[in-house]
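When reading the values below, keep in mind they use all heavy atoms of this one structure, side chains included, and skip hydrogens, waters and symmetry mates.
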Amino acid sequence: MDYTTLGLVMHTIGLVCIFLGIATIIVAGIGLFKLPDLYLRASAVGTSAGLGVASIVIGALLIDFTWLNLLKALLAVVAQLLTSTVGSMAIARAGYLNNSLPAPITHTDELLTTRGDYTGQSAETTADPEAESQ
Amino acid sequence: MPSHRNPSSAPWIWRILSFLFWYAKEFFLANLRVTIDVLRPTRRMKANPAIAAVPAASVSDAEWTLISALITLTPGTLTITISKEHRVLYVHGMFAETRDALAEEIQEMENRLLRAMRRTPGDLSRPLQAPVIGAGNTPAEEGGEQP
């Protein structure tokens, strides 16, 4: 590493980015335990974890900056955000199709009305599990 | 729902830049909000989730893909599925005070995205209420739309 002022500044910012990324991933891990259902976990955690990895990649880039590394880091960040997004959507869709109902605190569920076994309950009421079994 | 800060008449490049900065701001605010809520004690968590059917103005495959990916990329909101036939996005929101608040938020994001993607955005107006779909029909809501 070089000891010019710019080098030191970039090194410091890089370390901050890496620790921010680690903190984001830790919070995402806590979220996995605390959030009540599949959809909350997928939306809150899926992309937060993606952001955490992206932040670590950017931190590593700043610590060891070359133009080739910049290209690699950009590709890695874009691919990471894209795959975590598509993964979250796939998991949520698969969960809904496999009867994983949203937690009872979900106050509106308008997707329920499009199901084949929907019994005519109003979409504005709380989604309760009994609507599924009838 | 015309947004006054990002009207369709502004130059195209300005609409693109304004969307990028607006999205970056929303992305970090949403991250902050979700992080704070996850770290709150469970009893005082403010999560208030809802799944809303949001009428969409997207037409091309690229527009559908981008809007659903950008909604999912924002922490706290998640596209579960879309119906191109009925032009509806099914969105799960983590902090939805009411169903309409969530739908408005999504439609504002879509308005801004479409204004950035299209050189001439055209008519983006659509109802806020979910269209009535399917065999097991719900009691009619105003603003049903044609597929």
Side-chain angles (χ1 to χ4, degrees), chain A residues 23-24 26-52 81-82 84-97 101-124 127, chain B residues 27-28 30-31 33-42 45-54 65-66 68-83 86 88-100 102-103 129-139 141:
Chain A
T24 313
I26 291 175
V27 169
I30 297 172
L32 273 186
F33 286 97
K34 291 184 65 176
L35 293 171
D37 71 1
L38 170 70
Y39 310 100
L40 285 169
R41 288 178 189 154
S43 70
V45 171
T47 45
S48 284
L51 184 71
L81 290 180
L82 204 65
S84 69
T85 301
V86 175
S88 300
M89 285 195 273
I91 289 173
R93 182 68 184 135
Y96 208 95
L97 288 175
L101 282 177
I105 53 167
T106 306
H107 57 80
T108 309
D109 184 355
E110 292 178 340
L111 189 51
L112 191 66
T113 63
T114 64
R115 293 179 63 113
D117 52 359
Y118 176 65
T119 51
Q121 175 200 21
S122 166
E124 296 302 320
Chain B
F27 182 67
F28 280 99
N31 258 297
R33 211 171 164 200
V34 170
T35 303
I36 290 171
D37 203 55
V38 164
L39 293 179
R40 226 185 275 275
T42 309
M45 271 168 83
K46 282 185 188 160
N48 200 5
I51 298 177
V54 184
T65 311
L66 259 178
S68 46
L70 287 175
I71 289 171
T72 309
L73 192 56
T74 314
T77 54
L78 168 70
T79 315
I80 294 180
T81 185
I82 62 171
S83 165
H86 301 284
V88 168
L89 287 156
Y90 290 92
V91 179
H92 179 281
M94 187 170 171
F95 304 103
E97 296 304 322
T98 61
R99 181 243 168 238
D100 287 354
L102 176 65
Q129 293 301 321
V132 179
I133 299 172
N137 260 334
T138 49
E141 290 162 309

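- Proximity to chain A involves both the backbone and the side chain of B:Ala96, based on heavy atoms less than 4.5 angstrom apart.
- Among all heavy-atom pairs drawn from B:Thr79 and A:Met89, the shortest one is O-CG, 3.5 Å.
- Contacts of B:Asn31 classified as side-chain hydrogen bond (donor to acceptor under 3.5 Å, both in side chains), with partners at least two apart in sequence or in another chain: none.
- Contact tally against chain A (heavy-atom pairs below 4.5 Å) for B:Leu70, B:Thr77, B:Ile80, B:Ile51: the top residue is B:Ile51.
- Heavy atoms of B:Arg40 lying under 4.5 Å from chain A belong exclusively to its backbone.
- In this structure, A:Ser84 OG and B:Leu73 CG are separated by 6.5 Å, a value rounded to the nearest 0.5 Å.
- Pairing each heavy atom of B:Met94 with each of A:Ala44, the nearest pair is SD-CB, 4.0 Å.
- In this structure, chain B has a heavy atom under 4.5 Å from the side chain of A:Leu51, while its backbone stays farther away.
- For the pair A:Leu40 and B:His92, the minimum side-chain heavy-atom distance is below 4.5 Å.
- By the 4.5 Å heavy-atom criterion applied to side chains, B:Thr72 and A:Ser43 are not counted as neighbours.
- When B:Asp37, B:Val34, B:Val38, B:Leu39 are compared by the number of non-hydrogen pairs under 4.5 Å with chain A, B:Val38 comes out ahead.
- When the side-chain hydrogen bond (donor to acceptor under 3.5 Å, both in side chains) test is applied to B:Ser68, no partner is found at least two apart in sequence or on another chain.
- To the nearest 0.5 Å, atoms CZ (A:Arg93) and CG (B:Leu78) are separated by 11.5 Å.
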